[in-house]
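Because only heavy atoms are used, hydrogens play no part in the values below, and waters and symmetry mates are left out as well, while side chains stay in. Just so we're on the same page: letters track the sequence lines, and every chain starts at 1. Please read these numbers as outputs of a predicted model, since none were measured by experiment.
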Amino acid sequence: MAANENNSFTEDKDDQKTLSLKRIITVSSDDDDNNEDKESNKRQRSLSLTKIKPSQLMNKQPVIRNTRQTSLSIIRTNSDEGDNEERKWNLKMITPSSSSSSNQTLSKQQKKKMTQTKLTTLFKQKPSSPLVRTVSSPSIVKTETVTVTDRTRTVSLDGIDIDEEELFSQWNDQLNTSASATTTTQATTKTVDSKSVWKQIFGKPVKPKPIVDDEELKEQWSQLDKEQPPGNHRFYNPPAGVKRTCPFYKKIPGTTFCVDAFNFGNIEGIQAYFLSHFHSDHYGGLNKKFSNMLYSNQITCNLCKSQLGVRPENMTILPMNVFTNIHGIDVALIDANHCPGSNMFLFRFPNGKLILHTGDFRAASDILKHPLLQPNQIDTIYLDTTYCDSHYRFPPQDEVIESAVELVSDVLKENSKTLVAVGAYLVGKERVFHAIAKALDCKIFVEARKFRVLNQLENDDLSKRLTKNPHETNIHVVGMGSVTQPMLQTHIDKYSLKYSKIIGIKPTGWTTPRSTGGSKHYSIETKSSNITVYGFPYSEHSSFNELKFFIEYLKPKRIIPTVNIGRANIRDKMNGYFKQWLSV
DNA sequence: GCGATCAGCT
DNA sequence: CACAGCTGATCGC
């Protein structure tokens, strides 16, 4: 297909024709859920959101609040200067056509098969979970999907073909060296020299592009500053009696969609409520009374039902990696590499314009290889800017996991009567304790609620290693907040007959990596005779350099950050980064 | 007695 | 800090 061969967002009717159209069949739920839900309801109180402290509102940065009018986003000039040709990519996406047919007479199995994509192993589809089976489709929703069946593509610049594998391995090398090149102090802030990377990749320097401030967005942010005090907008709640309104950055302009916005009741003009993943600061406000239509992936919908009691008729499960037409806009879910059941949303308008909402994500070369994500094609990116500051550097997840596995086996070799407590979120950080359990070939103890949650993540090997019996294994999963000296003491006291020592593993991106000379990526946070707490720089958000590469590769026209946006000075700083990245 | 929300804390 | 909560208190039904 020829639709994506140039930079602009042109309409191309042929595009639509060459892609195969498939229809998802609505399957009604037979509510086969068990009574475990009742038990989970007892835990509801834990799902409330944290509010900002009054003291925080009072004493922080009053000057900045009232004196700075700041902008946040940028528009890349994409106009018709001749210089544009310099940066023009030639992208080809080969999409073999397949026949479209009526599904009315197909068997259940065939229907299921049709909703699945044939991408590479990177984006393998899992079979539907039995927990929530409904694909609710009220009449207003069209459920035609456009299936992308091939991720083969070639990238060339000025007639030179680029080997994508080479390109991405260059990036990985750069990221690795920059992550480990930290000194013990925070003295050097080494960031990757993108210009040289791009020069290596393309064999010649790339001309910088002029960047223009986005006045419209500037205005939207300053409006928001007037409505809300500086601080964390994600947790902001207005004074009693004042209803909080949905901020602009949670709405997708030109649509009736919002993303991760459940704290605002019925939002005016919104028909479709998208949820990117099951973390409380994103689903906050969602409960069984929810009466609109939520759109998310299978895993997240499972969790919304079992943990929050959201009714299946209020949820539409969307398939991964294909476009589904919702209220006239195509939407594709792309794995976000954050927690299980996390996805990004790619919205495609009838005229071809693309908007990407990353939700929470960790940028990786695998994500950039996705056939739906290509350079110079995206208009606006709503970006997870959690670690958008140059001092946030951490190693690739695999390396950190390897370190954790090594540490645990070393400790167990030295003293087999050691209990290993691995910190995790309700959803998130699974790879750490899973890898340890796989290496030791042992089971994983988790509490009853977490047992249910982990069994909904469609990970068979993980599921079969879980146990609710703490005596069956010395790998225990605990909440991240429980990985402290006193709480680990309490924990080991319960099992003191069997264990003489306990180590805590705290895998969080806030742990700055420390150069220990080798490949060990951990630090000792606290230590006593029988208790040691280890911090591992294991992050499920992008590091600064990963964000940088992500943006430098995709080159959107406009960036709207979704985290750390409560303070104008921080927004200014991020805006400065965005300008640099887009001009490379 | 239950669920929802809030304050405080990590 | 910010992440993604957790615990305990209070309020409405």
Send over the distance from [X] [atom1] to [N] [atom2], rounded to a whole Å.
X: A:Arg362; N: C:dA4; atom1: CZ; atom2: C1'; value: 17 Å
X: A:Lys506; N: C:dC3; atom1: NZ; atom2: C1'; value: 12 Å
X: A:His541; N: C:dC1; atom1: NE2; atom2: C1'; value: 14 Å
X: A:Leu308; N: B:dG3; atom1: CG; atom2: P; value: 13 Å
X: A:Phe278; N: C:dA4; atom1: CZ; atom2: P; value: 13 Å
X: A:Leu303; N: C:dA4; atom1: CG; atom2: P; value: 15 Å
X: A:Tyr387; N: C:dA4; atom1: OH; atom2: C1'; value: 11 Å
X: A:Lys573; N: C:dA2; atom1: NZ; atom2: C1'; value: 15 Å

Return all side-chain donor-acceptor pairs below 3.5 angstrom for residues 481-489 of chain A, not counting sequence neighbours, or 'none' if the list is empty.
unit_1   : atom_1 : unit_2   : atom_2 : d
A:Thr484 : OG1    : A:Met487 : N      : 3.3
A:Gln485 : OE1    : A:Thr526 : OG1    : 2.6
A:Gln485 : NE2    : A:Ser528 : OG     : 2.8
A:Gln489 : NE2    : A:Asp493 : OD1    : 3.1

Side chain of [X] only, please: which of [options] is the nearest?
X: A:Trp510; options: C:dC6, C:dA4, C:dC1; answer: C:dC1
X: A:Asp281; options: C:dA4, B:dA4, C:dC1; answer: C:dA4
X: A:Val563; options: C:dA4, B:dA4, C:dA2; answer: C:dA2
X: A:Asn564; options: C:dA4, C:dA2, B:dA4; answer: C:dA2

Open item on the list: Please tell me if A:His391 has a side-chain N or O lying less than 4.0 Å from either OP1 or OP2 of C:dC1.
Closed with: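 Indeed not, no polar side-chain atom of A:His391 lies that close.
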Open item on the list: With a cut-off of less than 4.0 Å, is there a side-chain N or O of A:Arg567 near OP1 or OP2 of C:dA2?
Closed with: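 Yes, within the criterion.
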- [ ] If the plane angle is over 60° it's perpendicular, under 30° parallel, otherwise tilted; pick one for A:His279 and A:His277.
- [x]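 Plane angle over 60°, so perpendicular.
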TODO: Could you tell me whether A:His338 contacts a base, only the sugar-phosphate backbone, or nothing, with contacts defined as non-hydrogen atoms closer than 4.0 Å?
DONE: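 If one applies the 4.0 Å heavy-atom cut-off, A:His338 turns out to touch the sugar-phosphate alone, with no base involved.
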Task: Of A:Tyr425 and A:Met487, the one whose closest DNA chain C nucleotide lies more 5' - done: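 Its nearest nucleotide being more 5', the pick is A:Tyr425.
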Task: Polar side chain donor-acceptor pair, A:Asn321 to A:His370, under 3.5 angstrom - done: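 Looking only at side-chain atoms, A:His370 and A:Asn321 do form a donor-acceptor pair, the distance falling under 3.5 Å.
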- [ ] Give a yes-or-no answer on whether the side chains of A:Asp384 and A:Thr358 include a donor-acceptor pair shorter than 3.5 Å.
- [x]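 Not at all, the side chains of A:Asp384 and A:Thr358 share no donor-acceptor pair under 3.5 Å.
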Task: Under the side-chain hydrogen bond (donor to acceptor under 3.5 Å, both in side chains) test, residues paired with A:Asp260 that sit two or more places apart - done: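 A:Asp260 satisfies side-chain hydrogen bond (donor to acceptor under 3.5 Å, both in side chains) with A:Ser276, A:His282 only.
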